[in-house]
Amino acid sequence: MDFKKILILPLMTLPVLHACTGGASSFEGTAVSGKIVNLPSANMADEVIVQFRDGTVPEGVDAQPLFNTVPGKEAVEHRYGLDRWFVVTVPQGMEAESFAAALEADDNVVSIEYLSTFDRPYVSDSGMQVSEGVPLTKAFDVEPVTMNDPLFKNQWFLYNDGDKSEYGATTVAGTDVDIRDAWALCAGDPSVIVAIVDEGVRYDHPDLAANMWVNPGEIPGNGIDDDGNGYVDDVHGYNFAADGPVSWGLGGDEGHGTHVAGLVAAVNNNGVGISSVAGGSGKGDGVRLMSCQIFSGSNRNDNLAVARAIKYAADNGASVLQCSFGLGNYYSDKAFAEGLSAVKAAYDYFRDPANANCSAVDGNIVVISAGNSHQAKAEYPGAYRDYICVSAISQDNLPAWYTNYGTGVNIASPGGDNTLGKTMLSTLPGDSQPYGYMHGTSMATPVVSGITALGLSYAKQLGRHFTRDEFEAILLSSVNSLEPGLIGSKKTPSGTMDLTRFQGGKMGTGVIDAWKVLMNVKGVPYTTVKVGSEVGIDLMKYFGDDAESLTFTGVTVDALAKSSLGISAEPKIEGGVLKIRCEKAGSAIIEVKAIAGGSVLGTETEMGGKAFSRSISIVARNNVSSNGGWL
């Protein structure tokens, strides 16, 4: 498939869901008419999604619940109205618009949502195929942890030593996620589950099978819903697009879900194929992959499938939701929430603390791609303020030519650039080509999802517990800066690319670093300051290497901290440096607040960034060691 052709497709007038390896949707919000929240699509006119105020369906209306009810979760389902949404069949011979207008007159109807069609502009890197058995011949100059997977050498995003012959002429050493040091501490945990909301994952792939989630209540292939959850043969997940078992080889499938899954948790150290972020150490300790399939060949792909897939992930143990797709360019959080109300409710349900599926954190985490239309804002749902939205860099440690950036983007991650050399190597479902390259924010996002899962695994290992906000703050602040001094220049050889557009934190807080995530999970760092002097604390240590360009919204120092440290003048932040003066020897924790993704916070009516904060332990002493006490 030709990547450039995808990017110049005519603009659509309807919301379009697409995987983020290329292409763009142009839907700008919702057309609201009374209770009707979006526009109809001609080829999806046989059903509508309706929310009834008290969950009672009018007599004579053909309706089925949108979501399956899970015993014991009725209260949280009701909290988000999941028990009040129904898929209603349009009567034969009646236009969907006329039927919707008739439903509007019913006082018990809260909202009516047409099913939204979507397509999948996938892109693979042709001419760069990899087959099993490519040897690992390169020697490393340091040996923290090196897996024995033979294709690890080809995965620059895991470890990049600057080999220009291998990764491209513009490769910059260190453009990776610093995973080998992180593996020395933790390589995964099988109780941490990542839901791959995408194409189906080939669950019998030799490099994925051992890390696939298995539904303990389901017997494979017997055609029976053994556990009574409403889904037949959902052994490793479910195909919500085709309403059946997970699949990957139908016409139109591109291997996207299998590729994404391999980046998260292909089995490490098994002497086969590739390595992955959280695939374990070869001792059965990798995180688990659940296939929540929303793309399936030529089957209907719609918002109904997405909503059901998200709820399934929450109900079956997933603590990380990996979403490499976009639902459109809505103009605000409110427009997205109203235009795709059932999907938004499903996301809320997934994140609710009552559904927390990992003992290390009190809520599940959503990670979503920013989009590939090289525009100065993220696409939804990634742009929504509650989710972690991921942009992409290439092997030169600069923004990838296709990536979205700016408003709504929270963090960056390796996604590759096909004009520079080898991109992101991962698993594919084909028997003749079990591995291959793809690029896009679709590939950057599972790297962040994998590091999220790795951080949760390490927190469990240490017996630590975080609120979801605390853990997301760790992710957003455990970052490195982009290539110093080059963001104001031009990039080649992918054509003349003006990089000034990315200045000022437009790629989010910085590029995620797995080692820094684990260090922050391990404990809050501290800084020792000298009593009686105004000192500057470099916030790079807490907010990442691009702290100077972040928008900081305040410093909170409570009365006890002021008393303990003898603080009379309010601390201030200038150029990424916290300036503070302590008149007494003592210790206290202060909180510094910032914005990830722009200079203003997102609201219901305006797209913006995500609020996050870091706690800093200040130790004031009369004598200070030369290294400032940094651990």
Enter the distance from [X]:[atom1] to [Y]:[atom2] here, rounded to the nearest 0.5 Å.
| X | Y | atom1 | atom2 | value |
| --- | --- | --- | --- | --- |
| N38 | L340 | CG | CG | 6.5 Å |
| Y167 | S394 | OH | OG | 15.0 Å |
| I573 | L550 | CD1 | CG | 9.5 Å |

Heavy-atom pair of closest approach, residues [X] and [Y]:
| X | Y | value |
| --- | --- | --- |
| H259 | L425 | NE2-C, 4.2 Å |
| S477 | R614 | OG-NH1, 2.6 Å |
| V192 | C358 | CG2-SG, 4.4 Å |
| V201 | W248 | O-CE3, 3.6 Å |

Just so I know, are the side chains of T171 and D163 near enough to count as touching, which here means a heavy-atom distance under 4.5 Å?
no

Side chains of P399 and S391, heavy atoms from C-beta outward: is any pair under 4.5 Å?
no

Assess whether side chain to side chain contact (heavy atoms under 4.5 Å, CB included) is satisfied between N154 and Y437, documenting all intermediate values.
CA-CA 10 Å; N154 301 83; Y437 291 87; 3.6 Å; yes

Hey, is the main chain of [Y] close enough, under 3.5 Å, to the side chain of [X] for a donor-acceptor pair?
| X | Y | value |
| --- | --- | --- |
| D513 | N480 | no |
| E113 | S341 | yes |
| D396 | V172 | no |
| Q395 | K422 | yes |
| N355 | Y349 | yes |
| N160 | D176 | no |
| S549 | D546 | yes |
| K377 | T407 | no |
| R308 | L66 | yes |
| N410 | A596 | yes |

Polar contact flag, side-chain donor to acceptor under 3.5 angstrom, [X]-[Y]:
| X | Y | value |
| --- | --- | --- |
| N372 | T441 | yes |
| N364 | R351 | no |
| Y80 | D352 | yes |
| D469 | T467 | no |
| Y380 | D333 | yes |
| Q375 | S373 | yes |
| N239 | S247 | yes |
| S442 | H256 | yes |

E548 CD: over 12 foreign heavy atoms closer than 6.0 Å:
no

Kindly indicate, with the supporting measurements, whether the criterion side chain to side chain contact (heavy atoms under 4.5 Å, CB included) is fulfilled by I474 and F466.
CA-CA 10 Å; I474 285 175; F466 300 91; 3.7 Å; yes

Strictly under 6.0 Å, is that where the ring centroids of Y347 and Y384 end up?
no

Do R180's NZ or CZ and the ring of Y159 fall within the cation-pi criteria of under 6.0 Å and 45°?
yes

